[in-house]
Every structure is written in structure tokens, then in C-alpha cells.
Amino acid sequence: MTVRKNPVLVSDKAHAEALLEKYDNFLFDCDGVIWLDEKLIPGVLKTIEYLESKGKKFAFVTNNSSKSREAYVAKFLSLGFKGITRDRIFPTCFAAVQALQNVYNIQPNSKVWVLGDSGIEEELREEGYIPVGGTDKRLDQPFHPDHELLVVDPEVAAVIVGSTKEFNYMRIASTLQYLLYKNKSIPFIGANIDRSYPGPNGLILPAGGSVVNYMHYTADREFLNVGKPSKVFLDGILATHNYDRSRTLMVGDTLYTDIKFGNDGELGNGSGSLLVLTGGTKPNDLHQLLSNPHHYEGGESLIPSYVIESLGTLGELLS
Ligand SMILES: C[C@H](OP(=O)(O)O)C(=O)O
Ligand SMILES: [Mg+2]
């Protein structure tokens, strides 16, 4: 077991320059690091432009499956980012489709039942799969036991569950039919395990992990988590861009997803995780973890290597 030291607080220029010296590649979480829903976190754009001017490489890794890579490109553009191409963006709707191919060997043209927003549907279509369920308007109707979508389509080969703002009884009930079908044998892919995510105005909002876990509970079956902290997800990202693991830093706001992802993935030779305090984790959460890590599932793997006030602070310290 790795014994982790307390995190280094990045609070002056020397600390910030040491980070720059140590890492060539930066993986940025999105909710709570880059933005709070539609609001950019102050200073983030400047920091990323600065890193880019120093020849640093970066990618965005989000457990939020509500948007496809294409839709995230548009979001980055609308927030003032320039030149963010889709190969730099790794949302879990994309990871879920990769799992269909690489883990379950499900062939294109297969139907896949979705409980989630359009991101999953768009990524599925792109790889030739046929999404069913998802944003189908018929699922907006009140529950009725004779509803046509409660009858299982035997051609459905897998179920993907992720973030959605359209969580209603028809969607839960129809998804359950697929999870129970054929003795619970249809693959069940969960886009993430996040309980909540930080929204604007200090709001904490339910995240996709709560949807996935609702289905896990009612169907009484396990799911494959394709999002952070999955090592398969990380290895795929590093391989896509040829990033050297030992020179890569994960920047995130959530201990049990982002920080664990960087730590379990041995980024930066075991010290490749940076926590920002602009999202779901507050200083008191960190103090509690440090005083008794074994009280937490994941224990010391949740302890970040570094902490900084915000990603914007990094740019301020450097410039
Ligand atoms: C919280 C998470 O998004 P991320 O922080 O990974 O961008 C999610 O929305 O489920
Ligand atoms: Mg986050």
C-alpha cells in the first residue's frame, strides 16, 4: 500500500513553477474545475492559454455524459476557448461506447437502451449503434403499465446509464425491464459514480452516479463504471495522445473520482494529482480525509499530491 504524504499547497510562484517543470501533460476535469454548469471559473482560460504557450499538452476528462464530444467542442467555443478539438475531450458517453466495442464486443447496428441525455445517443450513432429509450419523447408521459416502451425489445444488446435531467418513473421502469431481462444478462454500463456536481450560485446538483446507482439498487445488479477512476479510461486517454504517465498531472475537484484516478493510475510517478477547491470538495472535507483516511472508501488513494485554490490561481502565480 502506498503511504501518501499530506498534499503540497500550491500558493506561491516557486510551487507553481515546480509543477510546470515536473509535468508536460495536464488532464483537466470539467465540472468544478473549468466551469460551474454554463459559467466559466475565473482565470481558467488564461491559465490554459499560458500552459499552451509553454508547449504543455492537455485534455479534458469529464464524468458528465450529458454531452457528446461534438457538443463539448461547441460549449468550449461558446465560453471563449479557441482551437479545442474533439480529440482533446473525453466524456464518459464516449467511454461507454468504447466499452461496448472493446469490453463487450457488441457489433454496430445493435440497439442499445439508454437512460441518459443526448450525449450518449450521439456517441452511439457515431459508431453505428442504434440508441433506444434516452430522449424518446414517449418516455416523458406519466407512467402507465400498458405503455408501449415497457415491452422489452429483444434486439437490445446493452444498457447505458448516465447523467440526465429527465429522470422520471417511465424511464426508470422501462430501463429496469432491460436490466432484468434474460436473467440480468444484458451488459449494464454506468457512465459514472458521481453523487453530485457543483452548479452555479453554490448549488450542489444530483449527478449521473446517482442515476446509475438508482438502477443498480432497483435491479439488484452491478454495473461497469467506465468513468473516473477507471484505469481503463485513463490508459485509453494516455495511449491516444502518447502522454508519458510519469509526466502527466490530473487536475480535479472530486476526491473519489479525479484524485483517485490520478493516484491509482500512477500519474507523475505517484504524485500526479492536483485538487482544486472551486468545486465539490471544500477545505474541511480535505482536513477530515487527512485526519482519518481509513474512514473513507478508497482510503489514502483519495489524498491529492497537491492542492490549489483554483485552476485560475495557477495562471496568476505563473504570470
Ligand atoms: C461531476 C461530474 O463531472 P466532472 O466533474 O467529471 O466534469 C458529473 O457531472 O458527473
Ligand atoms: Mg468535477
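Keep in mind the model is a prediction, meaning the values are calculated, not measured. Order of appearance sets the numbers: ligands from 1, and atoms from 1 within every ligand.
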Ligand 1 to Ser163 polar contact by distance, N or O atoms, under 3.5 Å: no
Heteroatom distance test (Tyr197, ligand 1): nitrogen or oxygen, under 3.5 angstrom: no
Donor-acceptor side-chain pairing of Ser273 and Ser305 below 3.5 angstrom: yes
Per-residue contact class, Asn64 against ligand 1 - non-hydrogen pairs under 4.0 Å: both
Side chain, backbone, both or neither: the part of Cys30 lying under 4.0 Å from ligand 1 by heavy atom: both
Approximate separation, where rounding is to 0.5 Å, of Asn64 CG and Cys30 SG: 8.5 Å
Leu267 CG to Thr248 OG1 distance, which is reported to the nearest 0.5 Å: 6.0 Å
Worked check of side-chain hydrogen bond (donor to acceptor under 3.5 Å, both in side chains) between Asp117 and Thr164: CA-CA 5 Å; Asp117 287 345; Thr164 181; 2.7 Å; yes
Geometric cation-pi criterion Arg86 and Phe94, 6.0 Å radius, 45° cone: no
I'd like to know if the side chain of [X] reaches the main chain of [Y], judged simply by a donor and an acceptor atom lying under 3.5 Å from each other, with no hydrogens or angles considered.
| X | Y | answer |
| --- | --- | --- |
| Gln107 | Asn105 | yes |
| Asn213 | Gly209 | yes |
| Asp253 | Leu277 | no |

Contacting atoms of ligand 1, where contact means under 4.0 angstrom from a heavy atom of Ala207: 10 (O)
Which residue holds the protein heavy atom closest to [atom], what is that atom called, and what is the gap in Å?
| atom | result |
| --- | --- |
| atom 9 (O) of ligand 1 | Asp31 OD2, 3.0 Å |
| atom 10 (O) of ligand 1 | Asn192 ND2, 2.7 Å |
| atom 5 (O) of ligand 1 | Asp29 OD1, 2.7 Å |

Nearest neighbour of atom 1 (C) of ligand 1 from the list Asp194, Leu205, Thr62, on a heavy-atom basis: Asp194
Angle subtended at the Mg ion (ligand 2) by Asp31 O and Asp29 OD2, rounded to 10 degrees: 90°
Asp253: its N/O/S atom lying closest to the Mg ion (ligand 2) (atom name): OD1
Charged N-O contact under 4.0 Å between Lys228 and Asp194: no
Whether Thr254 lies under 4.0 Å from ligand 1, heavy atom: no
N, O or S atom of Asp258 closer to the Mg ion (ligand 2) than 2.8 Å: no
